[in-house]
Amino acid sequence: MKLKIRHILISFFTIMAFTGSKGIAQEFVTGLPSRIIADRQSVPPPVTLTLPFFDDFAYRGPYPDPALWTSRDAYINNHLAIAPVSWGVATLDALDEHGTPYDTANRNAKVWADTLMSHYIDLSSYQPGDNVVLSFYIQDGGAGFLPPSGDSIYVFFRNDNGIWERMWRSGLQSTRDFVHVMIHADDSRFLHKEFAFMFVNRATKGLNNSQWHIDYVYMDANRNITTNDINDLAITDASTTLLQRYHSMPFRHFIRNPSQYLAPSLHLTVRNNTGNSAVIPYSYTLTYNTQTLMQSNGNSNTTAQNAGTNSLDNIPAAAFGSIQADTFTINGTYNITDAVNTQFTNNNTLRIPYHFGNYFAHDDGTPELSYFVTMHQSYNIPALTAVKYNLEVPDTIRGFSILLPQEVPIPRNKEFGIRIYRDIAVNGGQDDEVYEELYIYPQFNDTIFEMVHYKLERPVALPAGTFYMALVQPAGGFSDSLFVGLDISNDATQERYFSVVGSWEPSLLPGSLLFRPIVGPDFILSAGELAGQQQAALFPNPTGGRLYIPGNMPADKAVIYNSTGQVAGQAVPADGSIDLAFLPPGIYYVQLLYRNSSYPVQKIVRE
């Protein structure tokens, strides 16, 4: 399977939170350094279309519709734009067709970046004066960073000589609002059988903050370029969770106190993309298997070119009483009735799944940015980031899920650890650490925003009540600035703390980390996760001094760490073994190195 890896190199332009630690900025957000997409589609074959041409990207993507577009650089999504014209946008950024940075050496040069190119459109039956017009909405930045000065986006038309002519250009708007653009295409040189148009962005190479979001691309004849002639009613957004405090949680914890966790209401946002006020009828249904848990309808009163958000009743707590499963999905379907436009109907329906799983999640699974903390130069101690959770019933922590965006180069050796606390020293509490596991290494999946699951070496049983799960970046700086996906549409800042100088600080950066404790019964890792977390074991363990290396593990050197993470010594393998006789009895961690790579660290007991 060919992979399309959408990397965004780390930008030096970050948002910093100034903490109470002597005014030193140690907490940061920056752009996502990766967006991995499993490339299962081939390049669409060329076809010839006729007018009207329309795409509002109201589908799941992540690629543009191959029936309309010949290129797949654009990322179709429903989370990077702010207040779109209809749900779903096409995002152009600073990535090549393979999803990697155009250049990692010269960070300040400009490059022609992503392309969104239509199939051929037959305009040969039209005459000058038929008012053939292309229109679209565009937003810079959105939920990400605004493009740097000098970055821009262009529209090109293909003329009858096969030459691409620049028809429109825009630089930084700095408003984060969608702007409506209309361009004439009824000059005779464009009225031929193989007309096409394309969007191209000019981006700063290697930077993560050149994002442009395109919505509602529409081309037809007999249009007035001086008037916004869009006549459509559309859904733009709906609740992505039924809960408050968490985005998802285990059902057995929820059902113990549903009134505490059920959101008091849901919402549906609809937009009137016409020139007149309109009453938009809507309905929604929430179902579990074939059982309807909530069904209702109403009317949204909207003004021209504006959106309206409607408060909806949530599922009543009593409706959950018949559900016996602990892991399941409730399916939400939101509809509007559009009597104005019966041709473009994709944006009249939005389906959202609501999961109850074996994990606690503050996030919705789609990060917009990356979060990281940096080591304090004056303190040779680990950096910690802790997130607060609550158990309604006693339970067992089995592992965790995390999204560690791939940086360039891939940070496979940025080791980290996990700690579990019953309490931490904030708000009058004291650190009560109950578990620590070190020498964990990043893993990555090949599906967009799919989190990696890790099993703990030892399950941790906890009573009902508060607990904290913390990421540990070991002292020494080798794993400094470990990036974690950050969902900025769900804010759990009040549940997050960090420590870089030996004391806990409340986080000041809004959003939720894609970092979830897994609880309950044992769970099964995927084949890739299992391979990444297991390897042929060094033996015997415990050892009296000589440690043997399995035959399938070539190694040049062994580095041995003590229980505090300090290097206790090194050894060169000989005859398939390493000699640890120089070490006093105790617990050690051994890492084998081979050429430019390394194996995961293994815990060894020296008797």
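Numbers here simply count residues along the sequence, with the first being 1.
For the pair I76/P64, a side-chain contact is recorded, criterion being any heavy-atom separation below 4.5 Å from C-beta on. Inter-residue side-chain proximity for L471 and I418 is flagged as met; some heavy-atom pair is nearer than 4.5 Å. V519 has its side chain within reach of P250: a pair of non-hydrogen atoms, C-beta onward, lies under 4.5 Å apart. Side-chain contact between L242 and L266: present, with at least one pair of heavy atoms (C-beta onward) separated by less than 4.5 Å. Between V85 and D56, the closest side-chain pair of non-hydrogen atoms is not below 4.5 Å. L486 has its side chain within reach of L513: a pair of non-hydrogen atoms, C-beta onward, lies under 4.5 Å apart. Under the 4.5 Å side-chain criterion, counting only non-hydrogen atoms from C-beta, Q291 is in contact with L293. Side chains of L116 and D73 form no contact here, defined as non-hydrogen atoms less than 4.5 Å apart.
Taking all atoms of both residues into account, the shortest heavy-atom contact from V373 to A383 is CG2-CB, 4.1 Å. Shown here for L462 and I420, the closest heavy-atom pair between the two residues is CD1-CG2, 4.1 Å. In terms of heavy-atom proximity, H267 sits nearest to S239 at N-OG, 2.8 Å. Closest approach of T493 and P510 over heavy atoms only: OG1-CA, 3.0 Å. When all heavy atoms are compared, the tightest approach of D237 to L350 is C-CD2, 4.2 Å. Residues E437 and L456 come closest through the heavy atom pair OE1-CA, 3.4 Å.
Note on ring orientation: taking the six-membered ring where Trp is involved, the planes of F57 and Y59 are tilted (angle from 30° to 60°). Taking the six-membered ring where tryptophan is involved, the planes of F372 and F28 are essentially parallel, since the angle between them stays under 30° and well short of 60°. The aromatic rings of F400 and F515 sit perpendicular to each other, their planes meeting at more than 60°, with 30° as the lower class boundary.
Although no hydrogens or angles enter the test, the distance criterion places no donor-acceptor pair under 3.5 Å between the side chain of R496 and the main chain of T385. Judged purely by atom type and a 3.5 angstrom limit, D326 uses its side chain to pair as donor or acceptor with the backbone of R252. Judged by distance alone, with hydrogens and angles left aside, the side-chain atoms of N77 form a donor-acceptor pair with the main-chain N or O of Y75 at under 3.5 Å. Judged by distance alone, the side chain of N348 and the main-chain N or O of N346 form no donor-acceptor pair under 3.5 Å. For Y454 (side chain) and Y441 (main-chain N/O), a donor-acceptor pair under 3.5 Å exists by modelled atom type. A donor-acceptor pair is defined here as one N or O able to donate and one able to accept, closer than 3.5 Å; no such pair exists between the side chain of E436 and the backbone of G417. For the pair Y354 (side chain) and L243 (backbone), a donor-acceptor distance under 3.5 Å is absent. Proximity of a side-chain donor or acceptor of Q139 to a complementary backbone N or O of I82 within less than 3.5 Å is detected. Listed for the R458 side chain is no donor-acceptor partner under 3.5 Å among the backbone atoms of Y435. Not one N or O on the side chain of E392 forms a donor-acceptor pair closer than 3.5 Å with the backbone of A464.
Between the side chains of D114 and W212, not a single donor N or O lies within less than 3.5 Å of an accepting N or O. Residues D364 and T240 bring no donor and acceptor atom of their side chains to less than 3.5 Å of each other. Of the N and O atoms on the side chains of N490 and S512, not one donor lies less than 3.5 Å from an acceptor on the other residue. H119 and T70 share no donor-acceptor pair across their side chains, judged by distance under 3.5 Å alone. In this structure, a donor-acceptor pair under 3.5 Å is absent between the side chains of N231 and T274.
Here the rule is side-chain contact (heavy atoms from CB on, under 4.5 Å) with L233, and of N347, V279, I336, T337 only I336 fits it. When the options Y246, F251, Y468 are evaluated for a ring pair (Phe, Tyr, Trp, His ring centres under 6.0 Å) with F360, the one that passes is Y246.
Atoms CG and CG, on N273 and D215 in that order, are 8.5 Å from each other to the nearest 0.5 Å. Interatomic distance, I397 CD1 to K455 NZ, rounded to the nearest 0.5 Å: 15.0 Å. Note that CG of N358 and CD1 of I518 are 5.5 Å apart. Values are rounded to the nearest 0.5 Å. One distance of note links CE of M294 with CG of N314; it measures 7.0 Å at 0.5 Å rounding. The distance from the CG atom of D363 to the NE2 atom of H247 is 7.5 Å, given to the nearest 0.5 Å. With rounding to the nearest 0.5 angstrom, the CD atom of Q244 is 8.0 Å from the CD atom of Q260.
Between Y216 and F54, the ring centre distance stays below 6.0 Å. Ring-centre distance between H213 and F178: not below the 6.0 Å cut-off.
Heavy-atom neighbours of R60 CZ from other residues, nucleotides or ligands within 6.0 Å: above the threshold of 12.
Figure legend: cation-pi geometry between K388 and Y497 absent, as NZ or CZ is not positioned both under 6.0 Å from the six-membered ring centre and within 45° of its axis.
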**Message:** Run I255 and I323 through side chain to side chain contact (heavy atoms under 4.5 Å, CB included) and show every step you take.
**Reply:** CA-CA 10 Å; I255 202 63; I323 299 177; over 6 Å; no
